[in-house]
4 protein chains.
Amino acid sequence: MTAKEKTELRKTHILQAAAKVFAEKGFQDGTIPDVAKESGVSEASIYEYFTNKENLLFSVPLEAIQRLSEQIDFHLKLIRGSADKLRAILYLQLLFYIENRDFAAVIMLILKQNRRFIDTEAHHAIREHLKTVDRVIQEGMETGEFRDDMDPYLLRSTCLGSMEHVVTNWLMLGHPTDEELLGWVDPMIKTLVQGIRTENALHQCPFQHIAKPEDLDAL
Amino acid sequence: MTAKEKTELRKTHILQAAAKVFAEKGFQDGTIPDVAKESGVSEASIYEYFTNKENLLFSVPLEAIQRLSEQIDFHLKLIRGSADKLRAILYLQLLFYIENRDFAAVIMLILKQNRRFIDTEAHHAIREHLKTVDRVIQEGMETGEFRDDMDPYLLRSTCLGSMEHVVTNWLMLGHPTDEELLGWVDPMIKTLVQGIRTENALHQCPFQHIAKPEDLDAL
Amino acid sequence: MTAKEKTELRKTHILQAAAKVFAEKGFQDGTIPDVAKESGVSEASIYEYFTNKENLLFSVPLEAIQRLSEQIDFHLKLIRGSADKLRAILYLQLLFYIENRDFAAVIMLILKQNRRFIDTEAHHAIREHLKTVDRVIQEGMETGEFRDDMDPYLLRSTCLGSMEHVVTNWLMLGHPTDEELLGWVDPMIKTLVQGIRTENALHQCPFQHIAKPEDLDAL
Amino acid sequence: MTAKEKTELRKTHILQAAAKVFAEKGFQDGTIPDVAKESGVSEASIYEYFTNKENLLFSVPLEAIQRLSEQIDFHLKLIRGSADKLRAILYLQLLFYIENRDFAAVIMLILKQNRRFIDTEAHHAIREHLKTVDRVIQEGMETGEFRDDMDPYLLRSTCLGSMEHVVTNWLMLGHPTDEELLGWVDPMIKTLVQGIRTENALHQCPFQHIAKPEDLDAL
DNA sequence: AATGAATGAGGCTTCATTCAT
DNA sequence: TATGAATGAAGCCTCATTCAT
């Protein structure tokens with residue numbers, strides 16, 4: 001028992017080191033020797049826990065994503081209103097990124113780009129999480145809180161894309177600060193929910209002349 | 001004259017090959033030998049045109065971004081209405097990505113992640129482009145077409161983030177098809193402009209109880 | 001214990017191979033692959049022991065010089081008379097060169113020419129050795145065995161320069177044979193100590209008219 | 001005629017550039033591109049004048065050595081006394097090195113180490129120069145100005161070795177200054193001619209017990 | 001279980017050299 | 001004659017990975 005726990009601890013330890021190294025240097029520039037140094041574990045030992053360098057990379061977000069997912073699922077049960085649920089998702093996700101910056105960098109900057117990541121258990125967990133978001137959106141449409149004349153996938157993309165864009169800039173440029181970042185959740189949600197246009201502009205949506213006729217009905 | 005043109009042609013040729021290689025394999029897994037093979041030029045010759053592997057990478061988007069930027073600037077002059085202008089920007093950008101898939105992949109997947117890219121001429125061109133977007137948003141706020149109670153940076157992030165998210169998925173997952181992708185411009189704009197909520201929900205924005213008091217006025 | 005010894009042995013082994021390769025081909029023409037082949041060790045392994053090709057080069061003479069230095073210091077304690085001490089120094093040094101031809105070539109032909117070698121631990125050891133020579137000369141002047149109207153640095157240069165010239169030719173031209181070389185120690189010392197001129201010529205040193213007045217007293 | 005002169009000028013120009021480059025960086029680290037840049041001539045053009053990089057190197061000292069040799073030969077005719085002649089040789093050689101530092105570095109530091117240099121026309125010129133030195137020494141022995149119980153080769157080695165040692169240090173360490181260096185000719189000659197020992201020590205040459213019996217007679 | 005030691009594989013890069021103009 | 005352009009060849013070095021202890 002203690003032996004197994006010890007092993008598990010060591011593994012976590014290596015994963016944290018890997019997250020830091022990969023976050024700082026990227027996957028290819030971050031080396032196994034780097035991870036060994038950072039974790040204080042020998043190179044050979046890393047291969048006792050992970051079959052591969054890539055396997056190590058893919059293992060970095062696994063546990064974290066699951067934890068985040070569970071957390072979100074739990075909170076969603078306590079919230080009524082689709083917009084509020086959306087808000088909670090973004091909030092918790094941002095909070096998680098802030099508290100686990102290295103993981104965030106690995107997920108947002110490195111894994112996003114790796115085609116093989118898609119076949120991974122971690123990516124499966126991400127897709128599960130996406131389903132949750134989809135469910136919230138679906139629910140919002142069904143209850144009439146959200147428009148139902150929009151592509152749900154686009155809606156999701158808009159929500160997540162906004163956040164990811166902001167997070168990526170935060171990771172790459174160090175802007176804004178952690179606190180400011182969290183403070184942006186509400187404005188972000190507000191923008192998404194209310195839309196850009198003013199009330200006056202409500203009935204003269206200027207691009208509609210390009211849209212297909214059936215879109216007009218949707219207004 | 002012809003000699004210089006030939007040289008320029010060769011350079012462009014190498015850049016296209018590099019774009020393809022890096023788009024397919026990533027920066028580190030794509031090798032100079034790969035680019036040499038793809039372009040039919042010797043490895044050594046590549047170094048006649050580019051000082052570095054990284055310099056080669058950074059040169060890939062340079063000309064393309066400038067071309068796109070000029071194109072966008074030109075079209076914007078012909079369009080009235082901020083929303084329509086936003087739409088044109090997204091449309092042209094998507095069109096460009098579709099027509100230059102490799103460049104798109106290099107910009108969206110590879111360079112996004114490279115910290116040194118920020119100090120690059122190409123990145124400068126990108127920042128210039130961002131300024132154009134900002135100007136459109138600013139203009140929309142000033143003319144009253146857009147709400148002016150929102151952070152312009154967030155607005156921009158929402159627009160671009162949505163598109164980038166979609167493009168990234170298109171690049172990584174091959175979904176949707178090229179035609180579908182272009183067809184999403186209008187729905188995307190619509191989502192952004194109109195917001196998510198229904199008319200009924202207009203006056204009961206559910207998350208406002210968290211927002212600061214002055215936000216209420218803004219409604 | 002045995003493990004450490006084995007490591008040390010391997011290192012020495014590589015150093016000997018390196019000495020041979022560099023002695024035969026020079027530093028630049030002698031390659032790491034050459035050293036690998038000569039030592040029967042893989043290229044990569046060489047980098048386990050030495051950070052650099054240059055570091056490998058600089059490590060070649062390190063241990064040898066220290067050993068020689070200690071040997072000389074030990075013998076000097078047993079000898080009276082500055083000329084005899086000088087003789088011992090030259091003798092031991094020549095003997096060492098003969099017995100370690102590759103090291104000799106590396107020191108005399110290759111390192112002599114490398115400006116960065118000066119900042120090296122090995123070069124420090126050489127400077128220590130030079131101090132020993134200086135001390136002998138100083139002592140000879142103080143005891144009255146040597147003239148004290150000469151620049152000690154020049155005296156040292158004459159002694160070492162003579163030897164180095166002979167050794168360099170021996171290394172480059174293979175002339176004279178090893179035995180002959182050792183046999184030259186006494187004539188060399190004799191030449192240095194007695195000077196070139198005959199007794200008759202003692203008082204008509206022809207170039208003195210250029211020398212400073214006080215030099216005349218010294219005669 | 002003018003065409004030929006122009007060609008000759010260009011060649012000299014390249015040689016000077018090569019001397020500078022090789023003197024500063026060594027033969028291998030100094031590249032043809034370096035020489036091209038330094039001389040303002042294209043790389044390809046260098047190959048119009050020299051078959052090889054090594055041929056370029058070997059051509060660097062050729063003309064200079066011949067010029068120096070002729071100069072020395074000329075001056076020697078004007079001087080009586082072997083010691084004075086020796087002095088003139090050292091003086092002119094040092095002067096030449098000082099005035100042609102790059103050539104000096106190439107000869108002393110680079111070519112000394114190159115085995116193929118021996119088969120070169122320039123090396124032939126050097127050997128001719130050595131014969132001149134030998135002739136002076138021989139003459140000194142025959143006229144009774146120099147001892148004739150010494151190996152002439154050793155005598156020459158002592159003279160040249162002393163000088164080379166000093167010059168090498170001057171080149172590598174920048175010590176002494178150019179003026180000081182020339183001022184050392186007389187002390188150097190004095191040391192060589194008079195020997196190290198004092199008059200008192202004349203009849204108790206301490207190492208003689210090792211020397212062969214016939215050496216005793218020489219005293 | 002943990003690791004020191006060893007290496008195959010391969011990438012980036014540089015240059016001497018050639019050739020067509 | 002002069003050179004811009006092109007490249008084959010090769011070296012240094014790094015690292016993921018294995019294996020004996």
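Chain letters run A, B, ... following the sequence lines, proteins first and then strands; every chain starts at 1.
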Using OP1 and OP2 only, check whether a side-chain N or O of [X] sits under 4.0 Å from [N].
{"X": "B/Ser45", "N": "F/dA6", "result": "no"}
{"X": "C/Arg10", "N": "E/dG4", "result": "no"}
{"X": "C/Asn52", "N": "F/dC12", "result": "no"}

Please work out if D/Phe50 contacts a base, only the sugar-phosphate, or nothing of the nucleic acid, heavy-atom cut-off 4.0 Å.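 No contact.
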Quick check for you: among [options], whose closest atom lies nearest to any side-chain atom of [X]?
{"X": "B/Thr31", "options": "F/dT17, E/dG11, E/dT3", "value": "E/dG11"}
{"X": "C/Glu43", "options": "F/dC12, F/dC15, E/dA16", "value": "F/dC12"}
{"X": "D/Ala44", "options": "F/dG8, E/dT17, F/dG4", "value": "F/dG4"}
{"X": "A/Val41", "options": "F/dA16, F/dT3, E/dT3", "value": "E/dT3"}

Could you please name the partner base of E/dT21, counting Watson-Crick and G-U wobble pairs only when both distances are under 3.5 Å?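 In the structure as shown, E/dT21 has F/dA2 as its Watson-Crick or wobble partner.
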Paired with E/dA1: which nucleotide, if any, by Watson-Crick or G-U wobble criteria at under 3.5 Å for both distances?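 Matched E/dA1 with nothing under the 3.5 Å cut-off.
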State whether a side-chain donor-acceptor pair under 3.5 Å links A/Asp102 with A/Gln16.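 The answer is no; no qualifying pair exists.
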Could you state the [atom1]-[atom2] distance from [X] to [N], rounded to the nearest angstrom?
{"X": "C/Leu9", "N": "E/dA6", "atom1": "CG", "atom2": "C1'", "result": "16 Å"}
{"X": "B/Ile46", "N": "E/dC15", "atom1": "CD1", "atom2": "P", "result": "18 Å"}
{"X": "D/Lys25", "N": "E/dA16", "atom1": "NZ", "atom2": "P", "result": "11 Å"}
{"X": "A/Tyr47", "N": "F/dC19", "atom1": "OH", "atom2": "P", "result": "13 Å"}

Between C/Thr7 and B/Thr51, which has a closest nucleotide on DNA chain E that is more 5'?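 Here C/Thr7 is the residue nearer the 5' end.
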Against the six-membered ring of [Y], is [X] placed for a cation-pi contact (under 6.0 Å from the centre, within 45° of the normal)?
{"X": "C/Lys20", "Y": "C/Phe103", "result": "no"}
{"X": "D/Lys53", "Y": "D/Phe27", "result": "yes"}
{"X": "D/Lys112", "Y": "D/Phe117", "result": "no"}

